[in-house]
Chemist: 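The structure follows.
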Amino acid sequence: VSSIDLSVRPAMPFITDIKGGHIQQDETELKLERNMYPEYRTRQVSVSTVPLGISRGLIRYLDKYPYACTEQLVSQAVPYVALKGRPEFGFDAGRAQDSIEKVIHILRSRQNSEGAFGFWAANSHVSPYLSVYALHFLHEARDNGYAVPEDMLEQGKKYLRQLAAQDIDDLADARARAYAMYLLTLNGEVITRHLNDMREKMDKLYQGKWQSDLSRAYLAASYKLLHLDDEARKLIATLNLHQQVTPDYENFHDQLAHNSQYLYILARHFPKLLKELTGTDIQQVMNPVNHGAYNSFTSAFTIMALDAYADVAGQAGDLNVSIKALLDDTEQDISIPPGLMPEMDIDNGIKSLIVTSKNALPLFHQTTEAGFDIDLPEDIVKRGIEIQREYRDAGGKVIDRIPMGEEVSVHIKLRAIDDQYHYNTAIVDLLPGGFDVVLETSRQNQGSFQPDYVDLREDRVLIFGAVHQTVQEFVYRIKPGNRGTYVVPPTFAEGMYDRSVRATGLAGKITVE
């Protein structure tokens with residue numbers, strides 16, 4: 001007896017949705033609305049009286065993140081380092097070791113001659129801020145017992161010193177430079193001259209603006225590490241969790257980026273100020289997560305911040321809560337396992353949950369839905385950008401039928417529709433079943449779109465770059481390998497850091513004769 005295994009890929013990409021909130025001696029209804037295939041499906045609810053509990057959904061989001069630039073790979077590994085000493089999360093030690101070793105191996109291949117890390121390769125296409133972030137991760141991994149090559153760290157320190165000595169062009173530069181100084185100081189280097197120089201320049205150039213900027217927190221932490229407590233206290237005193245932040249996604253900065261890093265600095269270096277925070281203050285970190293305003297970078301830093309917060313504040317309380325599932329007009333009790341941060345799997349037929357809390361402390365709740373959707377979109381989605389795809393034959397005619405063996409040109413057109421410039425946009429184009437990418441021609445740029453990186457995979461093409469108001473086009477070629485009629489999956493685009501930006505086309509069909 002012989003058998004053949006055939007993998008079946010859904011027509012929609014893997015998507016993770018996290019929703020959450022908090023209640024106090026009250027009840028709330030949680031909706032679970034997606035209809036997903038059972039394979040690789042996750043439907044879970046978690047509850048906790050400590051805010052660290054919301055890390056479960058963020059971990060799930062990072063674990064299934066579909067892209068692989070340097071920042072995203074680092075962010076996926078951050079939970080293994082930050083939460084290593086927390087058995088509640090149930091990390092497998094072997095898997096954690098393998099994941100961190102894999103990221104370190106990739107980082108080594110992407111570290112350029114200056115010591116910075118390229119987005120996709122060891123070249124000059126780098127972000128100073130994210131290079132410092134990658135080095136921060138490596139130092140944290142080393143301090144938590146993982147083997148990190150010393151030459152990588154030394155090369156990275158050379159880059160940090162270079163960055164710390166550079167001039168400041170804007171507040172984004174200031175944040176990168178202050179972060180570099182913090183990491184150098186954290187590793188025992190005395191850079192008081194650089195700190196004083198930057199502070200004087202910021203007071204002169206950005207008076208009235210940098211009092212609420214994150215760069216101030218990193219400078220304050222550096223002064224604190226150098227035992228210059230008065231200087232540290234003056235700087236940190238002007239910051240709080242309620243300051244409004246103007247998003248700057250070109251430089252990976254938004255409200256959650258500010259709040260999570262500020263909370264992390266408080267927990268690590270200003271524990272007295274941390275203990276003065278109220279539940280309303282902490283909720284300023286939770287709100288963006290609860291409303292879906294998170295990305296790979298801010299998810300990882302939120303996990304780091306809440307872990308550091310839990311080390312200082314604790315805030316463990318009895319979990320006095322009940323959860324009922326609404327199923328066909330009947331209620332069904334959900335069994336809650338013991339522990340500070342329990343997580344429950346929810347059956348696919350359940351569309352709604354009623355969570356009731358009798359706690360004096362706030363109860364933080366979160367639902368996670370991750371998987372492949374069964375239902376194809378019925379409407380075109382245009383949020384900030386729009387996308388269109390056409391299949392054309394050798395003569396340039398738009399087609400939905402093609403003879404066996406002939407190549408098809410795939411034309412993807414996209415543009416911004418909100419007068420914004422959307423950096424770091426990911427375009428995902430799933431191939432119809434039975435088709436393959438023609439690698440020889442598809443590696444060449446055949447359109448007006450100038451991507452930062454293109455990833456040609458077996459069943460999809462991933463394109464990364466900036467989208468602006470002018471219509472841009474990316475062209476590649478595919479070729480059928482079997483006759484039949486196939487579903488053409490909808491093309492999909494999203495902002496990797498500004499998750500409010502999203503576009504989806506409609507599904508179609510193509511026949512191979």
Chemist: Can you list the residues that meet the ring-ring contact (aromatic ring centres under 6.0 Å, His included) rule with Y262, with sequence neighbours excluded?
Modeler: none
Chemist: Other residues, nucleotides and ligands only: do more than 12 of their heavy atoms fall within 6.0 Å of NE2 on H125?
Modeler: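 Yes.
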Chemist: Between the side chains of T368 and R60, is a donor N or O closer than 3.5 angstrom to an acceptor N or O?
Modeler: no
Chemist: Would you say the rings of Y497 and F297 are close, in the sense that their centroids are separated by under 6.0 Å?
Modeler: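 Centroid separation for F297 and Y497: 6.0 Å or greater.
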Chemist: Please enumerate all residues that pass ring-ring contact (aromatic ring centres under 6.0 Å, His included) together with Y453, with sequence neighbours excluded.
Modeler: W120
Chemist: Of all residues at least two apart in sequence or in a different chain, which pass the ring-ring contact (aromatic ring centres under 6.0 Å, His included) check with H291?
Modeler: none
Chemist: Among all residues two or more places apart in sequence or in another chain, which pass the side chain to side chain donor-acceptor pair (under 3.5 Å) test with Q420?
Modeler: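 With sequence neighbours excluded, Q420 shows a side chain to side chain donor-acceptor pair (under 3.5 Å) to no residue whatsoever.
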Chemist: Among all residues two or more places apart in sequence or in another chain, which pass the salt bridge (Lys or Arg N to Asp or Glu O under 4.0 Å) test with R56?
Modeler: E343
Chemist: Scan for ring pair (Phe, Tyr, Trp, His ring centres under 6.0 Å) pairs involving residues 168-213, sequence neighbours excluded, and state none if there are none.
Modeler: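 Sorted result for residues 168-213: Y129-Y179, H136-Y179, Y179-Y218, Y182-Y218, Y182-H269.
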Chemist: Going by the rule side chain to side chain contact (heavy atoms under 4.5 Å, CB included), which residues pair with D254 if we only count those two or more places apart in sequence or in a different chain?
Modeler: P247, Y249, L256, A257, N295, T298
Chemist: Residues two or more places apart in sequence or in another chain: which of them pass ring-ring contact (aromatic ring centres under 6.0 Å, His included) with F137?
Modeler: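 Scan of F137 (ring-ring contact (aromatic ring centres under 6.0 Å, His included), adjacent residues dropped) gives none.
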Chemist: Ignoring hydrogens and geometry beyond distance, is a side-chain donor-acceptor pair present between S296 and E71 at under 3.5 Å?
Modeler: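 Short answer, yes.
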Chemist: Would you call M496 and T425 a side-chain contact if the rule is heavy atoms closer than 4.5 Å?
Modeler: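 No; the side chains remain at least 4.5 Å from each other.
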Chemist: Who pairs with R268 by salt bridge (Lys or Arg N to Asp or Glu O under 4.0 Å), at least two apart in sequence or on another chain?
Modeler: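 R268: salt bridge (Lys or Arg N to Asp or Glu O under 4.0 Å) contacts with D311.
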Chemist: What pairs with R460 under side chain to side chain donor-acceptor pair (under 3.5 Å), at least two apart in sequence or on another chain?
Modeler: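 R460: no side chain to side chain donor-acceptor pair (under 3.5 Å) contacts found.
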Chemist: Would you please name every residue forming a salt bridge (Lys or Arg N to Asp or Glu O under 4.0 Å) with K84, sequence neighbours left out?
Modeler: none
Chemist: Is the ring pair F464/Y67 parallel, tilted or perpendicular, if the boundaries are 30 and 60 degrees?
Modeler: perpendicular
Chemist: Report the residues that fulfil salt bridge (Lys or Arg N to Asp or Glu O under 4.0 Å) with R34, sequence neighbours left out, ordered by chain and then residue number.
Modeler: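 Here the qualifying residues are D17, D373.
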